[in-house]
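Structure first, commentary second.
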Protein chains: 2
Amino acid sequence: MRRDVFQAIADPTRREIINLIAHNTLNLNAIAENFDVSRPAISQHIKVLTECGLVEITQQGRDRYCNIQFQKLAEVSKWVEQYRTFWTSKLDALETHLLKDAKSK
Amino acid sequence: MRRDVFQAIADPTRREIINLIAHNTLNLNAIAENFDVSRPAISQHIKVLTECGLVEITQQGRDRYCNIQFQKLAEVSKWVEQYRTFWTSKLDALETHLLKDAKSK
DNA sequence: TATATTTGTAAGCAATTACTTACGCAATTA
DNA sequence: TAATTGCGTAAGTAATTGCTTACAAATATA
């Protein structure tokens with residue numbers, strides 16, 4: 001089973017979970033309350049997130065608090081940022097194109 | 001069918017395709033040569049990439065050249081970069097922790 | 001101690017994914 | 001005109017995904 005960060009953040013529910021626990025450390029039930037799907041479904045999402053290293057669990061009694069491992073997101077950042085120069089220069093190219101277009105009117 | 005950038009870049013083959021055509025505009029066969037999978041498989045990957053707006057096709061005779069729409073990657077960048085402050089500060093926290101650890105020895 | 005709460009996990013299921021082979025079509029080349 | 005080239009797409013398939021309900025285990029509370 002492939003278990004990398006890219007696959008983990010592909011699911012919109014998991015991205016929402018990340019967003020939720022980015023600000024507050026929550027236990028599983030508290031997370032599940034924010035979604036329409038069942039509690040086990042969230043449990044399985046959390047499992048995916050822990051398996052790829054994006055989330056770590058801190059057990060406290062019967063509660064399992066979820067902490068994001070933000071550094072893992074750096075992997076995604078690194079991949080996407082290598083293209084930043086491309087898309088900014090492309091926007092520049094579009095700009096000049098539009099300017100040229102506007103002038104020709 | 002969900003067709004967003006996050007789902008598109010979840011597949012490692014598609015990320016490789018992106019990397020390939022980031023530098024040179026290639027036609028489909030030229031792309032497929034770089035992979036072990038069949039030509040139709042690559043054709044289907046390209047379809048996913050075009051459907052989410054990450055790739056645009058320029059037809060030239062029977063050749064279909066693939067151009068990345070880098071701006072689409074800005075969506076991913078925007079999402080991940082919102083957490084950058086978190087992961088850098090977390091690294092800082094780790095640093096101080098390690099320093100404290102080193103001192104206590 | 002009995003009950004309630006928080007959770008993992010198993011089993012089942014429909015939908016999706018990533019691939020294959022087979023085919024057809026349009027554009028080029030001989 | 002006939003053969004070749006570049007490609008999309010259909011059909012089939014095995015594996016994976018995202019969900020459900022049902023159950024069990026551990027911890028907390030009455």
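Every heavy atom of this structure was used, including side-chain atoms; hydrogens, water molecules and symmetry mates were not. Letters A, B, ... mirror the listed sequences (proteins, then strands); counts begin at 1.
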Interatomic distance, B:Ile57 CD1 vs D:dG8 P [rounded to whole Å]: 7 Å

So, with a heavy-atom separation below 4.0 Å from DNA chain D, the residues of residues 21-36 of chain B are B:Asn27, B:Leu28, B:Asn29

Grab the two heavy atoms, one from A:Ala32 and one from A:Arg39, that are nearest each other, plus how far apart they are. CB-CG, 4.1 Å

Considering only C:dT17, C:dC19, D:dG18, which nucleotide approaches the side chain of B:Gln7 most closely? C:dT17

When you get a sec, tell me which of D:dC19, C:dA18, D:dG18 is the closest nucleotide to the side chain of A:Arg14? D:dG18

Between the side chains of A:Ser77 and B:Arg84, is a donor N or O closer than 3.5 angstrom to an acceptor N or O? yes

Nearest-angstrom distance from the residue atom CG of A:Asp11 to C1' of C:dT17: 14 Å

Using a cutoff of under 3.5 Å, can you pull out all pairs of nitrogen or oxygen atoms linking the protein to nucleotides 21-30 of chain C, with atom names and distances?
| from | atom 1 | to | atom 2 | distance (Å) |
| --- | --- | --- | --- | --- |
| C:dA27 | N3 | B:Arg62 | NH1 | 3.3 |

If hydrophobic clusters are built by linking Ile, Leu, Val, Met, Phe, Trp and Tyr wherever their side-chain heavy atoms come under 4.5 Å apart, do A:Leu26 and A:Phe35 end up in the same one? yes

Output yes when at least one side-chain N/O atom of B:Ser43 is less than 4.0 Å from OP1 or OP2 of D:dC7, else no. no

Hunt down the Watson-Crick or G-U wobble partner of C:dA15, both distances under 3.5 Å, from any strand shown, or write none. D:dT16

Mind checking whether B:Asn27 and B:Cys66 have side chains closer than 4.5 Å, heavy atoms only? no

Quick one: sort the A:Trp79 and A:Tyr83 rings into parallel, tilted or perpendicular, breaks at 30° and 60°. perpendicular

Taking a hydrophobic cluster as the set of Ile, Leu, Val, Met, Phe, Trp and Tyr residues connected by side-chain heavy atoms closer than 4.5 Å, whether directly or through intermediates, do A:Phe86 and B:Leu54 fall within one such cluster? yes

Any chance you could lay out the side chain to side chain contact (heavy atoms under 4.5 Å, CB included) test for A:Gln69 and A:Val55, step after step, and finish with the verdict? CA-CA 5 Å; A:Gln69 302 304 105; A:Val55 162; over 6 Å; no

Is any NZ, NE, NH1 or NH2 atom of the basic residue among A:Glu75 and A:Lys72 found under 4.0 Å from an Asp or Glu carboxylate oxygen of the other? yes

Ignoring backbone atoms, establish whether B:His45 has a side-chain N or O less than 4.0 Å from OP1 or OP2 of C:dT17. no

Closest of C:dT17, C:dA18, D:dC7 to the B:Asp63 side chain is D:dC7

For the side chain of B:Arg64 and the backbone of B:Thr58, is there at least one donor-acceptor N/O pair under 3.5 Å apart? no

In this structure, how many angstroms lie between the C1' atom of D:dT21 and the CD1 atom of A:Ile42, rounded? 16 Å

Ignoring backbone atoms, test whether B:Arg64 places a side-chain nitrogen or oxygen under 4.0 Å from the OP1 or OP2 oxygen of D:dG6. no

note: B:Lys47, atom NZ; D:dG8, atom C1'; distance rounded to Å ~ 8 Å

